Amino acid sequence: MSHYHPLTEQEAIDYARRLPDVFPSNAELSSREIGDGNLNLVFHITDSVSGRSLILKQALPYAKVVGESWPLSLDRSRIESEALVVQEALCPGLVPHVYTYDTELALTVMEDLSDHVIMRRGLVEGNRYPLFAEHIGHFLAHTLFYTSDWGMNQQEKKERLGRFINPDLCKITEDLIFDDPYRDAETNNIHEPIRPDVEKLWADQELLLEVAFLREKFLTHAQALLHGDLHTGSIFVTPESTKVIDPEFAYYGPMGFDIGAVLANLLLNYCGQAGWKSDQADLESFRNYLLETVEAVWTRFEQEFRALWEEKTVDRMARTPGFLDSFLARLLQDTFGFTGAKMVRRIHGLAQVADINRIEDAGVRAVAERTALHIGTALIKHNRQAADIKEMTDLARRAVQLHS
Ligand SMILES: Nc1ncnc2c1ncn2[C@@H]1O[C@H](COP(=O)(O)OP(=O)(O)O)[C@@H](O)[C@H]1O
Ligand SMILES: CSC[C@H]1O[C@H](OP(=O)(O)O)[C@H](O)[C@@H]1O
């Protein structure tokens, strides 16, 4: 019989106290549930005597943001903990360390990263993270290369793919990113001033066709083990450090989906900055910083991925001259498309982003939303022609000028 039940704060303390070799016997533990995401409980456990702390993250059997009417498999919690272990092996220091995983309670015990801030919040506050592009480019290159058919034993890859079959969470993405925003779905949450813009998008056949192609890639291209939800709310930062959390959407999918998630969330913040910065020069400078970061993430990723491929690929035929260049050219195109799709879903779909929807002035918010829809839809339509990351940043710059 399963012992699963959602823990109370007191039960979280009792659980933490029983963990071997973590807290001293005289520990004075306190617990606070700090989960601000859409799906899970997160308990922050601290000991006032030793100063030690840790995180207990527990899955709920339903989507917290909606309620019990949206059941979700607890197995996603195992997938998250196993993905963190794979990612830590490939990118030491870039993810929280997992101490242990409890299958019965769907609970991961992990390193406390409270000395970092969630990147979305840091960017909304106007902070800069000079090492972020280098760190996340490295994370993307290493996790995507070494879990793919080019970077690992191809039979083991098939076995590993089986460990990361994640139907419930893939379905969330398939619906919330690649379907609902393109029709009058119940899950949508439309800010009334932009309703005409959204309705125009529903009727745009050229756009719908490209979204259908992107959806096909998400459904069928098992290229690498993705994080699966790599937005700026899943990244902890300081100026010196980057830590990727929350890979519960991990599955084998198209590489461009993870890269696009990072770029989309930088661009969403870019669209929202007029709502956060009042000084024009400061606004300009921060926007430039964000676009430079977009370019730097791709450039760093490409450099490292290329080097890994040239030195380490396990696939003899993939060393054929021209193959890597063609692969990266197609990957950049996928990245454009997924960046666009990840932007559009955050404007009028379920689960929006604070960078934009917390802007108090409805007019300023609507401008930010229109700008994001403009960039997102243009990236989707352009994806199969894209040839240079600068096309993405040029397009973003022009959209802001047009809507200001
Ligand atoms: N390892 C950690 N250290 C410190 N805080 C964490 C850690 N993991 C999660 N949190 C906090 O809990 C919040 C929700 O965590 P997250 O993994 O994003 O949950 P969800 O899967 O529900 O989105 C984060 O925004 C962060 O504030
Ligand atoms: C019904 S889940 C909606 C949304 O929430 C997830 O984000 P997070 O767990 O980081 O809060 C994911 O982006 C899903 O698309």
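This is a predicted model, so every value here is computed, not measured. Just follow the structure's listing: the first ligand is 1, and inside any ligand the first atom is 1.
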Top protein contact for [atom], by heavy-atom distance:
atom	value
atom 15 (O) of ligand 2	Arg345 NH2, 2.7 Å
atom 2 (S) of ligand 2	Leu39 CD2, 3.9 Å
atom 8 (P) of ligand 2	Asp229 OD2, 3.7 Å
atom 4 (C) of ligand 2	Asn38 ND2, 3.5 Å
atom 1 (C) of ligand 2	Val65 CG1, 3.7 Å

### Atom of Ile79, atom of Glu248 and distance for their closest heavy-atom approach
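Residues Ile79 and Glu248, closest heavy atoms: CG2-O, 4.3 Å.
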What about the rings of [X] and [Y], do their centers lie closer together than 6.0 Å?
X	Y	answer
Phe305	Trp298	no
Phe257	Phe338	yes
Phe286	Trp276	no

### Expected output: side-chain Asp14 to main-chain Glu9 donor-acceptor under 3.5 Å
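Answer holds: no.
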### Query
Which of the atoms in ligand 2, numbered in the order shown and given with their element, are less than 4.0 Å from a heavy-atom of Ala351?
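Checking each atom against Ala351, I get 3 (C), 4 (C).
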### Task
Please determine if Arg76 and Asp168 form a salt bridge, counting it only when a charged side-chain N lies under 4.0 Å from a carboxylate O.
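No, Arg76 and Asp168 are not salt-bridged.
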### Query
Would you say Trp70 has any N or O atom under 3.5 Å from an N or O of ligand 2, going by distance alone?
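It does not: no N or O of Trp70 is found under 3.5 Å from an N or O of ligand 2.
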### Query
With respect to Ser285, which candidate in Lys277, Arg128, Gln280 satisfies the side-chain hydrogen bond (donor to acceptor under 3.5 Å, both in side chains) definition?
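Looking at Lys277, Arg128, Gln280, the match for Ser285 under the side-chain hydrogen bond (donor to acceptor under 3.5 Å, both in side chains) is Arg128.
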### Query
Roughly how far, to the nearest 0.5 Å, is SG of Cys91 from CD of Glu88?
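Between atom CD of Glu88 and atom SG of Cys91 there are 10.0 Å.
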List of N/O pairs, ligand 1 versus protein, all under 3.5 Å?
unit_1	atom_1	unit_2	atom_2	d
ligand 1	1 (N)	Glu111	O	2.9
ligand 1	3 (N)	Leu113	N	2.8
ligand 1	17 (O)	Lys57	NZ	2.7
ligand 1	18 (O)	Asp246	OD2	3.1
ligand 1	21 (O)	Asn40	ND2	2.7
ligand 1	21 (O)	Lys57	NZ	2.9
ligand 1	21 (O)	Asp246	OD1	2.9
ligand 1	21 (O)	Asp246	OD2	3.2
ligand 1	21 (O)	Glu248	OE2	2.7
ligand 1	22 (O)	Leu39	N	3.3
ligand 1	22 (O)	Asn40	N	3.0
ligand 1	22 (O)	Asn40	ND2	3.4
ligand 1	23 (O)	Asp246	OD2	3.1
ligand 1	25 (O)	Asp36	OD1	2.7
ligand 1	25 (O)	Asp36	OD2	3.4

#### Entry: Whether Arg346 lies under 4.0 Å from ligand 2, heavy atom
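A heavy atom of Arg346 does come that close to ligand 2.
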### Query
Can you find a heavy atom in the side chain of Val124 that is under 4.5 Å from one in the side chain of Gln273?
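Val124 does not reach Gln273 side chain to side chain.
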